[in-house]
Amino acid sequence: MTQLSPTVFLVFTAIKVIVVFTAILLAVAYMTLAERKVSAFIQDRLGPNRVGPFGLLQPIADGIKNVLKEETMPATANRFFFVLAPALSIVPALVTFAVIPVAAPLPTPWGVVDMVVADLPIGILYVLAFSSLGVYGLFLAGWSSNNKYSFLGGVRSSAQMVSYEVALGLSLIPVLILAGNVTLTEIVHQQQSLGFWYALPLSLSFLFFVISSFAETNRLPFDLPEAESELITGYHTEYSAMKFSMFFIAEYAHVLTASALMATLFLGGWSVPFWSGDDMFWRAGVLVAGLTESGQPILASPAWWKTLVTFVAFAVKTSFFVFLFIWVRWTLPRFRYDQVMHLGWKVMLPVALAYVILVAGTVLVLDQLGVEGFLFGSALTAVSGIATAGFIFFVDRDRILRGAPRGRLPVSSR
Amino acid sequence: MAYPYVHEKEVQIVSRGWGKPRTRTIDGWRELDGYVGFRKALEMGRAAVIEEVKKSGLRGRGGAGFPTGLKWSFMPKEKRGPHYLCCNADESEPGTFKDRELLRWTPHQLVEGCLIGALAIQADHVYIYCRGEFFEANQVLARAVEEAYAAGLAGANILGSGVSIDVTVHQGAGAYICGEETALMSSLEGRRGLPRVKPPFPAAVGAFGRPTTINNVETLCAIPHIVRNGGEWYRQWGTEKSPGTKLFCVSGHVRRPGNYELPLGFPMNELIYDVCGGFEEGRKLKAVIPGGASVPILSADECLACCLDYEGVQKSGSMLGCASVIVMDDRTNIVKQVRRMVEFFAHESCGQCTPCREGTTWLSRILRRIEGGKGTEEDLETLLALGTQMTATTICVLSDSAAVPVASSIQKFRDDYLALIRRGEAVGVV
Amino acid sequence: MSESATKPMVTATLDGRTVTVPKGTTILQAAETVGVWVPHYCYHPGLSSPAQCRLCLVEVQGAPKLAPSCVTELQEGQVVHTESPKAKEMRQGVLEFYLANHPLDCPVCDQSGECKLQDYVHAEGRVHGRSREPKRGFGRDDYGRDVLFYGDRCGRCTRCVRFMDEVAKDPRLTVVERGNRSVIDTFFEEGLQGSAFAGNIVDICPVGALVSKDFLHKARAWDLDHSPSVCPNCSQGCNIDLHVRDDVVQRLRPRANLEVNHHWMCDYGRHRYEWMNRQDRIEVPVVGSSADGVALEWGLALRQVADRLANAPQPVMAVASASSSNEDLGALAHLVRALGGGEIVFRSERAEKEIPLPGFPTLTRRYDLVPNRMGAEILGMTRVGKDDGTGGLEGWAAHRGTLLVLGDELRDVGVDFGPSAGLYVYLGSYPTPAASSAHAVLPVTTFAEGEGTFANVEGRVQRFWPGVRPPGLARPAWLVLAALVERLGGAAVPESAEAAFLRVAELAPELQGLTYEAIGTQGALLNEPVALPGSRS
Amino acid sequence: MAVTVKVMHRPEAGETSYLRATLKGMALTFKHLVNPKKVTIEYPEERPFLSPRWRGTHVMETHADGRPKCVACGLCPTVCPANCIRLVGGEDDMGNRYPIVYEIDEFRCIFCGMCQEVCPVEAIHVGVHFENAEYTRDRFVYDLDRLMEQDHPSTLLWDPSDPLSE
């Protein structure tokens, strides 16, 4: 079980890039179908069912339609940025996926191939960096359209993204504390070896990450940048045909990436629960299943079927989050803008900070006590559970729904 | 026994001389004291003549029974222009045939009556409006008038008295409505025979816009006798309110139909069973129309107690009218008879007033439908309602006349109608 | 008023109202004085009453039978009920009889919407007719002229027969047959051919039996707007209503004026309305000759015309039209006066003979086939030309001064009219070759589009009201002319036709003291007695 | 119509939780998600239920000989609240009144059905029809021939056996 030679590595990487890119776009296409189907079912409708069996060819029809539609360009738009914005929006969503491991490594005659496009040592930092870039696409789209509504949409998106970027980052710190690494494959491995998915010992982080992801992807209830009723779809008001489609694809790619990330960070990535057969990771150029008590590596036994099984596990977890995104969208109404800001800055930021301290303190205490393994996980789970319950019980209550305090309504309209 | 049949109970006054062709000539009439009355009237003066007629209690024989003397006295006393006397010889009421006989047999009797009448109302001209279908009567009458002119009894300065009266026989064209006095005047003037609105009454504005009196043939025929014999003489027959004699035209299912001059107040029972000889074997009385087609039908029970004078018939629920008694026995299909009468009125309606023009035809159509077995019971209600709507809403009384037999027959012979409506069976065959 | 002093009056109670009328007034007329409208068909105020429709029967307290109110005179102290249950029930019955043989073809009947039978039945008829019998039919008959007869709809009111007998004195109609078979008919094949007043029988027919061929299926009665007017086709000045739909005159109907036309009008006038609907109109002011004429809005046009008029070459001559209103003619006279005076002439068509209505000879189709010859003459204008309305302008081609034309279409003169004139202003409604050399062509409204007055042959000043909207920028001539006068330093523009009329009186003493209010809908006579032209002038 | 006011109970401060409310909402939507009863009508295969009083595009009834039943009485343009009917009456060669021009602008039409109610000869009807797509706008002005060609059934808004709706 050796690593690949550089030539083979390049060949496989190229193949992986193509496959993953294609797969993401295909998945995005079908996510639009899923969105329409789920929304239809939630509303007791049937959803698209005309093109192909159960409407399965609908995304293709939509794609063809979008390609064929007329491209419009506002006369006063900034042409360069107007064209650039969709590309800027879609690229970060796609490239973020590069660092996410989708399955257990696959053994090939030329060596074992990692099921990740690029197993970067700076994993999470890369993710944060690129996801932050997404805001440029939206903001530039809003600004270059030279349209008040679009501009407002752009402004909103930038403000919202910046706000929740903070909460997102802070909610990742406990993960990093626990994993002691920023490589995503390593985080997956840490969860395997701990025997706990981080969703449990870091439940509040998980909650915050999910909420922040919604905000980062501009999905309901945080879709203020493209609020139809207020901003006539905000930053992409002026976009049509394929340029519009690219925003659309970007949004779903974001969703997919965020889902994959959540699956990876908090649900153990591709690992199949309660099964140690899939535990494998690189240690000093050797694929190991674990270490003995003495620190000797136990060689892993990769197999094509293990890769397949783990990929399915990863797909299921990711799909769950994708479904969650859709489900929430068709359930919740949109926040008011002040509520969004209130939640981000006044609730999630301080609580996430406090939680970092709590987790760090707990880990320190447990380390000092020499607690390890299952007990370590259980203790952390208990602490986090209490924190989460407390948060929900005390902090969430009556914080968000209430509008401006009574008696201080704006009177200018009277 | 002369004239086809004269019954012993008859009192022959106006019908005297019937059946003898000689009476038609002036000489023959003079043999029956002809023109004595006229000479007497010339001597008496017009006021005394009117007085005498009033005393006699003579009532118009045309149907309404209005006292003749009173009618004459309505004429303006002071004469400012020509006055006219019209004799209504347009006898066309179904069931009536008395005037025809008077015209045929005793034309001089009428001419004399007309002359006396004209004298009484200061008329310059007498128009005898004679029904066009009376072809023989017209010729006889025309000859009589010529004879009167030749004898100096008509024309200018009659018998040297200074009175001038012209007599014209006017032949009608055969419209029933022209028997109505205002229509008669319209026809006389040469226009369509359309009834006019009253008021103004003919005594004020009549023929040619001048005061006019219109009298029936029989009325005028009685005048010479009254003038000759005096009013009190005339009252020896008849009742207090209906003095004198009356020609009864009996038709229908009796053995001896015909004209009978009988005193007013004569019992109907006696007229039918005695004078007219009753019915054929095994037949019995069903209904009687006592005064021509336009009066209510009397059922058999009502006939028993009926006395034939103006008040008596009214008491029984009908009118004496012109005393044309139509007798029907139990073979009679009342619906058919009523339908025929109504069709007659529908045909003869002048077409002026809406209720009459539309109503008569409507009635006849419904009756024809009922007769054909396609009627409904609502139709009876419709018939009665239409009858009400047609009564007293028109210029003349033709529409009332058409409504009357319908209403009375439905009232008294409803079973006959219902038999047709419910079972399609007609009661009676004729 | 002195009449009422000499004539005995009777006072009676009518539907609970006290009514006092001259003796001899019928109940129906008396009721109308207190606003009680008794239904009637055969009665018409212009005709005798045969009392045969039996619809106007009213209950007179104490009388055994209902009395026909159209012939029954109101007696002193009478108590009359027109709405008593008895009277209403009877009317309902009569209406049912009317409908028994009526075809009920309101959807295709031209009278629908102005039909008395419809109105009365709707108001108080039975909801369901009881007649189940087949209806008798007569079909339709062409009476000649403009009249069609639908026998089925006829209610035998005989108004038409009586009109022809009593008013037209030309008995061409009669009732034939009797009873239910009776129907109005003409004698032989001649029908109404040659009758000059037969059109009136269509007006007086209370149902759709007599309809106008010209109007047949053209418009529904309820689509028509009625605007009171005066017949512009001869100098009689019959009062009429313009019946207009969508700015198109559909027909003319006489309007009652007992002193001018009673309830009638002649067929000559009745059928001459198509010219009011002419579509070839001058719609914008054009200043400049035909070669380089420019369409302008009024402000500019008036300023340019006024500038040229300020230095108007003398002498000033004007051609007016006797079809123009007093207001227009007066405004023209004012303008001519403002330009230093000049001659104004008009031309008018004259007929060979007059056509009087025998039963009401006051109404006569006059010699003059223009409505306002009297008005033009009292304003000092003189008539020139021949009887067909042409000629009289022969010498004008050489005219070098100022030339004004108002309303005259100048059919006979053509393009050679006025090219030598120093200034030629044409005010008219219709394009004409004679205006091709005009320095300004100003669009003015027609009679049907404007408000104004005509003075008829007997000197009666009568108002007419606008019935049609003017096309484009056409404006009343009095307004245009007065605006020119104002720009030449004269009086301010009158604000309304009424004000314009008051200003005309400055020129004609005959009009002084008359106001629109005094003229009203029935007209008012000129101040100074005007001799009726008994013979041809 | 009486105005009814529904009084909404708004939770007081301190009574509410966004997360719990969210979960409740999501439970509800999930219930609908898995609920097999759907309201969609799969239109071309499955025909929608049209009420008996459905009022669609118009139909002009014809006589057996192909003439329109319309007699150009002018009531429908009079009663039409949308003013979408244009009618010019005339007389045909049989002497009958008939519409020379009869046009309905189905775009302006509000399908109130008053034209059908008012028609005295039962000529114009609103139909049981709603599939009236066209490629050009002017095709929506239905002229007389077009109206007579329409073969869809007319609405039961009016019952021919009970003309007065008693």
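Sequence lines set the chain letters: A, B, ... in the order given, protein chains first and strands last, and positions in each chain run from 1.
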Selection from B:L194, B:V197, B:L398 maximising heavy-atom pairs under 4.5 Å formed with chain C = B:V197
Report yes or no: does B:S324 contribute a side-chain atom to a donor-acceptor pair with the main-chain N or O of B:G292 at less than 3.5 Å?
-> yes
Taking it one step at a time, do C:E73 and C:K23 satisfy salt bridge (Lys or Arg N to Asp or Glu O under 4.0 Å)?
-> CA-CA 8 Å; C:E73 291 172 5; C:K23 193 169 169 55; 5.9 Å; no
Could you tell me which portion of B:L386 (side chain, backbone, both or neither) has an atom closer than 4.5 angstrom to a non-hydrogen atom of chain C?
-> both
Okay, C:V94 and chain B: the region with an atom under 4.5 Å from a heavy atom over there is both
Toward chain B, the part of C:E96 with a non-hydrogen atom under 4.5 Å = both
Six-ring centre of C:Y150, C:R153 cation under 6.0 angstrom, axis tolerance 45° | yes
B:R369 versus chain C, the contacting section by heavy-atom distance below 4.5 Å = side chain
Within the distance-only criterion (no hydrogens, no angle test), does the side chain of B:E189 pair as donor or acceptor with the backbone N or O of B:F208 below 3.5 angstrom?
-> yes
Residue part contacting chain C, namely of B:T360, when any heavy atom lies under 4.5 Å | neither
Heavy atoms only, distances under 4.5 angstrom: which of C:C42, C:P134, C:S49 has the most pairs with chain B? Name it, please.
-> C:P134
So which of C:V21, C:T20, C:V19 actually passes side chain to side chain contact (heavy atoms under 4.5 Å, CB included) with C:V10?
-> C:V21
Is any NZ, NE, NH1 or NH2 atom of the basic residue among C:E83 and C:R91 found under 4.0 Å from an Asp or Glu carboxylate oxygen of the other?
-> yes
Part of C:V176 lying under 4.5 Å from any heavy atom of chain B | backbone
Answer with side chain, backbone, both or neither: which region of B:E348 has an atom nearer than 4.5 Å to a non-hydrogen atom of chain C?
-> both
Within-4.5 Å side-chain heavy-atom neighbours: C:Y43 and C:Q29 | yes
Do side-chain atoms of B:E91 reach the backbone of B:D99 as a donor and acceptor pair under 3.5 angstrom?
-> yes
Greatest number of non-hydrogen atom pairs under 4.5 angstrom with chain B, of C:S182, C:G93, C:A100, C:P50, falls to C:G93
List in chain and number order the residues that pass side chain to side chain donor-acceptor pair (under 3.5 Å) with C:S48, two or more places apart in sequence or in another chain; answer none if no residue qualifies.
-> C:E166
What part of B:A392 gets closer than 4.5 Å to chain C, counting heavy atoms only: side chain, backbone, both or neither?
-> both
Looking at C:T158, C:V175, C:V71, C:L66, which makes the most heavy-atom pairs under 4.5 Å with chain B?
-> C:V175
Between C:R132, C:E177, C:Q92, the one whose heavy-atom pairs under 4.5 Å with chain B are most numerous = C:E177
Relative to chain C, which segment of B:R192 carries a heavy atom at a distance below 4.5 Å: side chain, backbone, both, or neither?
-> side chain
